[in-house]
Amino acid sequence: MSANALYTDLSSYYDLMCVDIDYQAQSNCIRRLHQIFGNNGKSHLDLGCGTGPHVRHFIDYGYQSSGLDLNKPMLDIAQVRCPEASFSVQNMSNFTVAEPLDLITCFLYSIHYNDGIENFKACMASVHNALKPGGVFCFNVVDKDEINNELFVRHTTNQQQDAFTFRSGWYYSGEGNRQALKLSIEKTSAGNTQVWNDEHPMVAFSFKELIEMVEPNFEVHLFEHDYDKLLPWDNVSGNALVICVKAQDTLPKSDG
Ligand SMILES: C[S@@+](CC[C@H](N)C(=O)[O-])C[C@H]1O[C@@H](n2cnc3c(N)ncnc32)[C@H](O)[C@@H]1O
């Protein structure tokens, strides 16, 4: 089984792992931010959309919403959840769209799936190319210097006769621009326990490095990682919501 099993062979367990996530609050918060910073347009793409929970909410808000993801099993579930939307198997580090968009989102720290700084920069260039002037890109991030390797989120739930325990946590060695997301899934059925361990390589940056990379091409705003209140980032928290606005008069970027 791959080191990404949760998004491939075990994709049917993904929504179970995320059952405590308030997708509506997240989507509504980004909708409010888009109302503040955006251009009133309603075309939307979600990067690393997974099983499509945010796409569902954006469609219900009246957006023409679509999603992309690297893993087809996740998109198969998304398509059932959102029959109106179009989904494509693409890598967010290098994606294209048919028509420029008003809003691009990337939730649940999935922007870190750009594996390395060069891929992150390529992703930002793809986003820039894919947005209309005045278009907005929203994502959430963790500052590598604020990661506590000891912290894990643990969540248990039951499905029919099976008991599940999910754990997830960041790991950063303290050097360089790579971090890992460590995930484990434990399934107990009729006294038998199976355990899967995933380790996902991801890009790591400090917020200072992030702003330096993004600011030349976007107007950048950081908010506290709180989907219920819109508060400017306090310059201390290790998690943040990032809003990038493409300038109204920007010419399309060429590749490279
Ligand atoms: C943590 S899940 C988030 C899914 C969804 N956004 C949510 O909030 O539930 C990360 C998703 O990113 C996808 N992914 C990982 N690497 C990717 C890449 N390079 N390009 C596009 N999608 C990627 C995975 O397949 C997975 O569906």
Side-chain angles (χ1 to χ4, degrees), residues 1-31 44-59 63 65-82 85-97 103-127 130 137-142 152-153 155 166-170 178-185 196 198-204 225 227 239 241-242:
M1 199 166 284
S2 76
N4 245 339
L6 181 63
Y7 305 141
T8 52
D9 317 72
L10 303 180
S11 60
S12 59
Y13 297 153
Y14 182 80
D15 286 335
L16 209 54
M17 184 179 90
C18 294
V19 79
D20 288 342
I21 294 178
D22 191 342
Y23 284 109
Q24 179 158 19
Q26 294 186 0
S27 305
N28 191 42
C29 174
I30 300 307
R31 171 170 71 146
H44 167 234
L45 171 69
D46 191 30
L47 307 182
C49 66
T51 60
H54 297 100
V55 172
R56 181 68 262 160
H57 286 294
F58 277 94
I59 291 171
Y63 281 77
S65 211
S66 54
L68 72 77
D69 201 283
L70 198 56
N71 291 300
K72 174 93 168 44
M74 300 295 275
L75 294 182
D76 290 341
I77 299 170
Q79 192 70 73
V80 172
R81 176 176 269 142
C82 312
S86 60
F87 294 96
S88 62
V89 178
Q90 291 198 74
N91 190 331
M92 71 172 95
S93 303
N94 178 17
F95 70 91
T96 56
V97 294
L103 174 65
I104 300 179
T105 53
C106 189
F107 287 96
L108 217 58
Y109 302 100
S110 304
I111 193 81
H112 289 279
Y113 274 106
N114 288 291
D115 181 11
I117 286 289
E118 290 314 312
N119 281 348
F120 173 74
K121 288 181 180 170
C123 176
M124 292 307 297
S126 296
V127 166
F137 181 37
C138 300
F139 54 99
N140 61 343
V141 280
V142 59
F152 269 77
V153 177
H155 157 72
F166 299 97
R167 288 186 192 79
S168 61
W170 295 116
R178 300 222 174 215
Q179 65 193 42
L181 176 65
K182 295 189 175 203
L183 293 166
S184 81
I185 305 170
W196 296 274
D198 274 16
E199 185 160 331
H200 302 205
M202 294 181 143
V203 67
H225 198 268
Y227 289 104
N239 302 281
L241 302 176
V242 184

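Owing to the predicted nature of the structure, the values given are computational and were not obtained by experimental measurement. Sequence positions, counted from 1, serve as the residue numbers for this chain. For ligands, and for the atoms within them, numbers begin at 1 and follow the listed sequence.
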Handout entry: Any donor-acceptor N/O pair, Asn119 side chain to Gly116 backbone, under 3.5 Å
Key = no
Practice task
Would you please determine whether His200 falls within less than 4.0 Å of ligand 1 on a heavy-atom basis?
Solution key: no
Problem - Considering all heavy atoms, the nearest Ala130-Ile104 contact - result: CB-CD1, 3.8 Å
Practice task
Give the residue and atom name of whichever protein heavy atom lies nearest to atom 20 (N) of ligand 1, and the separation in Å to one decimal.
Solution key: Met92 N, 2.9 Å
Practice task
Go through ligand 1 atom by atom and flag the ones less than 4.0 Å from a non-hydrogen atom of Asn71.
Solution key: 24 (C), 25 (O)
Problem - Closest protein heavy atom to atom 8 (O) of ligand 1, given as residue, atom name and distance to 0.1 Å - result: His54 CE1, 3.2 Å
Fill in the blank from the handout: Nearest non-hydrogen contact to atom 12 (O) of ligand 1 from the set Gly48, Ser11, Gly67 belongs to Gly48
Practice task
Compute whether any side-chain donor of one residue and acceptor of the other, for His54 and Tyr23, lie under 3.5 angstrom apart.
Solution key: no
Practice task
Determine the minimum heavy-atom distance between Val89 and Leu70, stating which atoms define it.
Solution key: CG1-O, 3.5 Å
Practice task
Do me a favour and list the nearest non-hydrogen protein atom to atom 10 (C) of ligand 1 with residue, atom name and distance?
Solution key: Ser110 OG, 3.4 Å
Problem - Any side-chain donor near an acceptor of the partner, Thr105 and Asp46, under 3.5 Å - result: yes
Handout entry: Heavy-atom nearest neighbour in the protein, as seen from atom 26 (C) of ligand 1, with distance rounded to 0.1 Å
Key = Asp69 OD2, 3.5 Å
Handout entry: Option whose closest heavy atom lies nearest to atom 3 (C) of ligand 1, chosen from Tyr7, Tyr23, Tyr14
Key = Tyr14
Practice task
Check the side chains of His44 and Ser66 for a donor-acceptor pair under 3.5 angstrom, ignoring hydrogens and angles.
Solution key: no
Handout entry: Centroid-centroid under 6.0 Å between His225 and Tyr109 rings
Key = yes
Exercise for the section: Say whether Asn91, considering both its backbone and side-chain N or O atoms, lies within less than 3.5 Å of an N or O atom on ligand 1. Expected result: yes
Problem - Region of Ser93 that comes within reach of ligand 1 [heavy atoms, distance under 4.0 Å] - result: neither
Problem - NZ/NE/NH1/NH2 to OD/OE distance under 4.0 Å, Asp198 and Arg167 - result: no
Problem - Residue portion contacting ligand 1 (non-hydrogen atoms closer than 4.0 Å) for Met74 - result: side chain
Exercise for the section: Could you tell me the residue and atom name of the protein heavy atom closest to atom 23 (C) of ligand 1, and the distance to it rounded to 0.1 Å? Expected result: Leu70 CB, 3.7 Å
Problem - Asn28-His57 side chain donor-acceptor pair, cut-off 3.5 Å - result: no
Problem - Numbered atoms and elements of ligand 1 in range of Gln90, under 4.0 angstrom, heavy atoms - result: 20 (N), 21 (C)
